[in-house]
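What's counted below: heavy atoms across the whole structure, side chains too, no hydrogens, waters or symmetry copies.
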Amino acid sequence: MEIVALLLAVAGIGVGYGTNQVITKKKLGNAEEAAEKELKKARKEADKALAAAREEAAQLADQARKDENTRRKELKEIEQRLLDREEALDKKLDSIDKRTESLRKSEAEVEELKNEIREIRTKQQEKLEKIAKLSKTEAAEKLMQMTERDIRNDLTGLVNKLQNEARDLAEEKAGAIIVEAMERMASEVTAERTVTAVKLEDEEMKGRIIGKEGRNIQALQRATGVDIMVDDTPGMIILSSFDPVRREVARQALEMLMKDGRIHPGRIEEVVEKAQKNVAKDVMRAGEDAAREVGVIGIPREVLQLLGELKYRTSYGQNVLKHSTEMAHIAGIIAEEVGANVKTVKYAALVHDLGKALTHKMEGKHHHISGEMLRKYGAPEEVALAAEQHHDDVEATSVEALVVRVVDAISAARPGARNISAENFAERMKDLENVANGFKGIEKSYAISAGREVRVFVKPGQIDDLSAIKLARDIATKIESTMQYPGTIKVNVIRETRAIEFAK
């Protein structure tokens, strides 16, 4: 059984192997057949693709040939156009050459005509010179002289006419403006005076003020810096000082001491210190009130301090601070009329006499000191210039300065402004004229403008133009050395020359 089983197994293996071989061969045949089909199919597709590629290549070649033919045609057209343009340019160049040649001939003909005209003009000029017996230059000069003389006469008459009309209108307009300003600004006539004397209730007070061996009066003089004269005037104590503020301090201190009754060196120092504080407050308050009254703001504190000190300063009996505020009001009115800067004019008019608070401390004229102080404390330059130029010795460089100068004259010259008698005024005018008449070659002299100007007429035969300039300087120097006067005096030397001829 085992053998049979073994045989059956071997037979089964043989049958399986044979069957497997048959199946394998069958599969190989099928694969080869499929591969052959795929290969044929691939060959057909390759042939189709090749045919399509060949067809596309043929189409591209045909398109390239067409494009090339088109470009060649375009190039031929461009070449033809260039040839046509070149031919046209050649024709134009030929035409230009012909025209140039024609112009050359024309220029030659014109030059020949010019030469002929020059020759004709030269011959005519020579004939004219022979007839007139004048050369061309001489004739031109004579013609120019005649024309200039005629025009000068016409222009001189026109200028004189315009000047006269302008002067008449200006004087009329200026008069109207000044009168209107003076009418609108009417201040009191009586001017305030500086107090320099203290009245005593009884003569016994003099002894108490003097003190034992003069200790009290010495302490008072030392503390105030003021000279105190007790025995000169009965019932009065005279205070003497160039500084008006110190004089006011001494006055107040003396009045407080007499009212209190306790007079000794220690008490004197306390009272003087208190009086100094009171006066300092009064000074600052006076400056601030003046600025507020005229409507000027932004004034430096140092300038207000000096302005307030003018409350205790007078000029010919006229209180300087009241004079300044009056000027500021009038100056503002006039500035509006003439178109000047109102703020600058009012500011400058208010502080124009600032230097009078320092003339006892600094050398120089008060208006120069005013300009210096205003610049020092930071006031605007236009204000400093207008204040500095309010007298004639400094030339006015702005309308504002001229307004301040005019208003200063108005305020000082109005009736009652300054306490000066008619006799003193006439004497001063006479002294001015006598100073001028003391020089040689003087025909007449007149003091005008309230003594601010002296006009001197000289003999033209004895004084020439250069001598007139020297004479003006000499007269001004003599006035400065021999007379006392406020402000400045203008010396105007006039030399008149007349040429007279008779037509027969």
Next item on the list: Please check if the distance between the ring centroids of His366 and His352 is under 6.0 Å.
Entry: no
Check: Are side-chain N/O atoms of Asn437 and Glu433 paired as donor and acceptor at under 3.5 Å?
Finding: no
Checklist line | Separation between NZ of Lys322 and OG1 of Thr325, rounded to the nearest 0.5 Å | finding: 8.5 Å
Note to self: Would you say CD of Glu56 has more than 12 non-hydrogen atoms from neighbouring residues, nucleotides or ligands within 6.0 angstrom?
What the structure shows: no
Next item on the list: Assess whether atom NZ of Lys478 is packed by more than 12 heavy atoms of other residues, nucleotides or ligands within 6.0 Å.
Entry: yes
Note to self: Let me confirm one number: the CD1-CE distance from Ile448 to Met429, rounded to the nearest 0.5 Å.
What the structure shows: 10.5 Å
Note to self: To the closest 0.5 Å, what do you measure between OG (Ser445) and CD1 (Ile494)?
What the structure shows: 11.0 Å
Margin query: Under a 3.5 Å threshold, yes or no: a donor from one side chain and an acceptor from the other, between Asp464 and Ser467?
Written below: yes
Notebook entry, point to check: Charged N to carboxylate O below 4.0 Å: is that the case for Asp353 and Lys356?
Noted result: yes
Notebook entry, point to check: Which value, rounded to the nearest 0.5 Å, describes the distance between Arg246 atom CZ and Gln276 atom CD?
Noted result: 9.0 Å
Next item on the list: Give the intermediate values and the outcome of side chain to side chain contact (heavy atoms under 4.5 Å, CB included) for residues Asp67 and Arg71.
Entry: CA-CA 6 Å; Asp67 292 342; Arg71 289 194 186 92; 3.8 Å; yes
Next item on the list: Check the pair His329 / Val294 against side chain to side chain contact (heavy atoms under 4.5 Å, CB included), numbers first and verdict last.
Entry: CA-CA 6 Å; His329 287 299; Val294 300; 3.9 Å; yes
Next item on the list: State plainly whether the residues Arg285 and Asp289 are in salt-bridge range, i.e. N to O under 4.0 Å.
Entry: no
Check: Under 4.0 Å between a Lys/Arg side-chain N and an Asp/Glu carboxylate O for Arg495 and Asp465?
Finding: yes
Checklist line | Residues, nucleotides or ligands: over 12 heavy atoms within 6.0 Å of Ile297 CD1 | finding: no
Notebook entry, point to check: Are a donor atom and an acceptor atom from the side chains of Arg72 and Asn69 found within less than 3.5 Å of each other?
Noted result: no
Note to self: Surrounding CD of Glu79 (heavy atoms of other residues, nucleotides or ligands, distance under 6.0 Å), is the total greater than 12?
What the structure shows: no
Next item on the list: For residues Leu354 and Ser370, report the shortest heavy-atom separation together with the two atoms involved.
Entry: N-OG, 3.2 Å
Notebook entry, point to check: Is the shortest distance from a Lys or Arg side-chain nitrogen in Lys311 or Glu248 to a carboxylate oxygen in the other one below 4.0 Å?
Noted result: no
Notebook entry, point to check: Would a distance-only check, ignoring hydrogens and angles, find a side-chain to backbone donor-acceptor pair under 3.5 Å from Glu400 to Asn341?
Noted result: yes
